[in-house]
Amino acid sequence: ILKHQTHPAIQYAYPEIVANAPSAKDITPLLSASLHGFDATQSPSTMVLLFRTMVEQANLGITIFQDDYIVYANHRFQKWLGYSPQELRQLKTTDLMPPSACWSVQQCHWQLLFEKGEGCHCEKSLRRKDGQWVDVEFHATVIDYCNRPAILAFAQDITQRKRMELKLYQSEKQFRTLFDHMPIGLYRFAHDGSPVAVNSAMAQMLGFAGRKEFFKDFYQNGEGNRQQ
């Protein structure tokens, strides 16, 4: 490990060893303490292969952005977007996101990461090679990559979840439209007598111009109205 301590994989895997490694005698206890269950006698090349396998086989998309370019993307991230590693390295974030999303990333999320040193969590849409859009949830942090700052991002495909949320929203909107425009009076009250929902027909039956007037009057004299 002392021989290969300048390798980025070793630097990320064993930062305390690289920073404080005067001799091999001091390394073994640190290695054992930092990674329980791993054989401290394994060669650096074996450990690099192990971590590379973990990253490449992860069910999450893992990517590194540097100077707005994608300098690394694991297999899952490549599969989501349909690009080869060579193609991804030619792309900037502006090639994958709508202009409005790029602005928010640069002005808000990148600022949190680089200026404040805080982790970033956001949801963005990315454009696939075939032109389709995929919804992605990002968790990102700043790292040192090739002796320069970069952004390490863990991504999860949430396209199905977003579709279900849209369907739920549309269903609720349809129900609300039906409820509000029914010609008969409809209402929902909580167990304590507080109104949860009242349609316009019901409000007019009670002598109000509409639902807003009904709720305003109710809460101005809440206790009396609940008893009534």
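Counting begins at 1 with the first residue of the sequence. All figures in this text were calculated on a predicted structure; none of them were measured in a lab. No hydrogens, no waters, no symmetry mates; every other heavy atom, side chains included, goes into these values.
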Item to check | Derivation and outcome, side chain to side chain donor-acceptor pair (under 3.5 Å), residues His121 and Glu137 | outcome: CA-CA 7 Å; His121 170 242; Glu137 181 179 34; 2.7 Å; yes
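- Under 4.0 Å is where a charged nitrogen must lie from a carboxylate oxygen, and between Glu172 and Arg176 no such pair does.
- Here the shortest heavy-atom pairing between Pro183 and Ala201 reads O-CB, 3.8 Å.
- In the hydrophobic cluster analysis, where Ile, Leu, Val, Met, Phe, Trp and Tyr join through side-chain heavy atoms closer than 4.5 angstrom, Ile158 is grouped apart from Val136.
- Under the 4.0 Å criterion applied to side-chain N and carboxylate O atoms, Glu165 and Lys162 are assigned as salt-bridge partners.
- The hydrophobic cluster containing Ile184 also contains Phe175, counting ILVMFWY residues as joined when their side-chain heavy atoms lie under 4.5 angstrom apart, directly or transitively.
- Within the model, atoms CG of Asp68 and OG1 of Thr93 stand 4.0 Å from one another, a figure rounded to the nearest 0.5 Å.
- At most 12 non-hydrogen atoms from other residues, nucleotides or ligands lie less than 6.0 angstrom from OH of Tyr69.
- A continuous path of hydrophobic side-chain contacts links Phe218 to Met202 [ILVMFWY only; heavy atoms under 4.5 Å].
- Summarising the geometry, atom CE belonging to Met164 is positioned 10.0 Å from atom OG belonging to Ser171; distances are rounded to the nearest 0.5 Å.
- Pairing each heavy atom of Val55 with each of Asn74, the nearest pair is O-ND2, 3.0 Å.
- Looking only at side-chain heavy atoms (C-beta outward), Lys129 and Glu87 come within less than 4.5 Å of each other.
- Taking CG of Leu186 as the reference point, atom NE2 of His181 lies at 12.5 Å (rounded to 0.5 Å).
- For the residue pair Asn59/Arg76, the side-chain donor-acceptor check at 3.5 Å is satisfied.
- Between Met97 and Arg127, the shortest heavy-atom contact is O-NH2, 4.3 Å.
- Sorted by first and then second residue, the ring pair (Phe, Tyr, Trp, His ring centres under 6.0 Å) pairs with a member in residues 70-95 form an empty list; sequence neighbours excluded.
- In terms of hydrophobic clustering, with Ile, Leu, Val, Met, Phe, Trp and Tyr side chains grouped at heavy-atom distances under 4.5 Å, Ile151 and Leu91 are assigned to a common cluster.
- Put simply, the side chain of Asp95 gets close to the backbone of Lys92: a donor and an acceptor are under 3.5 Å apart.
- Looking at Ile70 and Leu96, their side chains come closer than 4.5 Å, going by heavy atoms from C-beta outward.
- Contact detail for Phe138 and Ala153: the closest heavy-atom pair is CD2-CB, 3.9 Å.
- Between the OG atom of Ser200 and the CE atom of Met182 there is a distance of 12.5 Å, given to the nearest 0.5 Å.
- Across all their heavy atoms, Ala150 and Ile64 have their closest contact at CB-CG2, 3.8 Å.
- Both Ile143 and Phe154 are part of a single hydrophobic cluster, where members link through side-chain heavy atoms under 4.5 Å apart.
- When atom types are taken as modelled, the side chain of Ser194 and the backbone of Ala190 share no donor-acceptor pair closer than 3.5 angstrom.
- The aromatic rings of Phe189 and Tyr187 stand perpendicular to each other, their planes meeting at an angle above 60°, with 30° marking the opposite boundary.
- Using a 4.5 Å cut-off on side-chain heavy atoms (C-beta onward), Leu166 and Gln170 make contact.
- One distance of note links CD of Gln90 with OG of Ser84; it measures 9.0 Å at 0.5 Å rounding.
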Next on the checklist: Checking Leu88 against Val71 for the side-chain contact (heavy atoms from CB on, under 4.5 Å) test, could you report, in this order, the C-alpha distance in whole Å, the side-chain angles of both residues, the deciding distance, and whether it holds?
Outcome noted: CA-CA 8 Å; Leu88 279 174; Val71 295; over 6 Å; no
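- With values rounded to the nearest 0.5 angstrom, Gln78 atom CD is found 8.5 Å from Gln86 atom CD.
- The closest side-chain heavy-atom distance from Phe214 to Leu206 is below 4.5 Å.
- A salt bridge links Asp67 to Arg148: at least one charged side-chain nitrogen sits closer than 4.0 Å to a carboxylate oxygen.
- Checked by atom type, the side-chain pair Ser125/Asp135 shows a donor-acceptor distance below 3.5 Å.
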Next on the checklist: Between Leu126 and Leu81, is the side-chain contact (heavy atoms from CB on, under 4.5 Å) condition met? List the steps.
Outcome noted: CA-CA 8 Å; Leu126 300 181; Leu81 299 183; 3.9 Å; yes
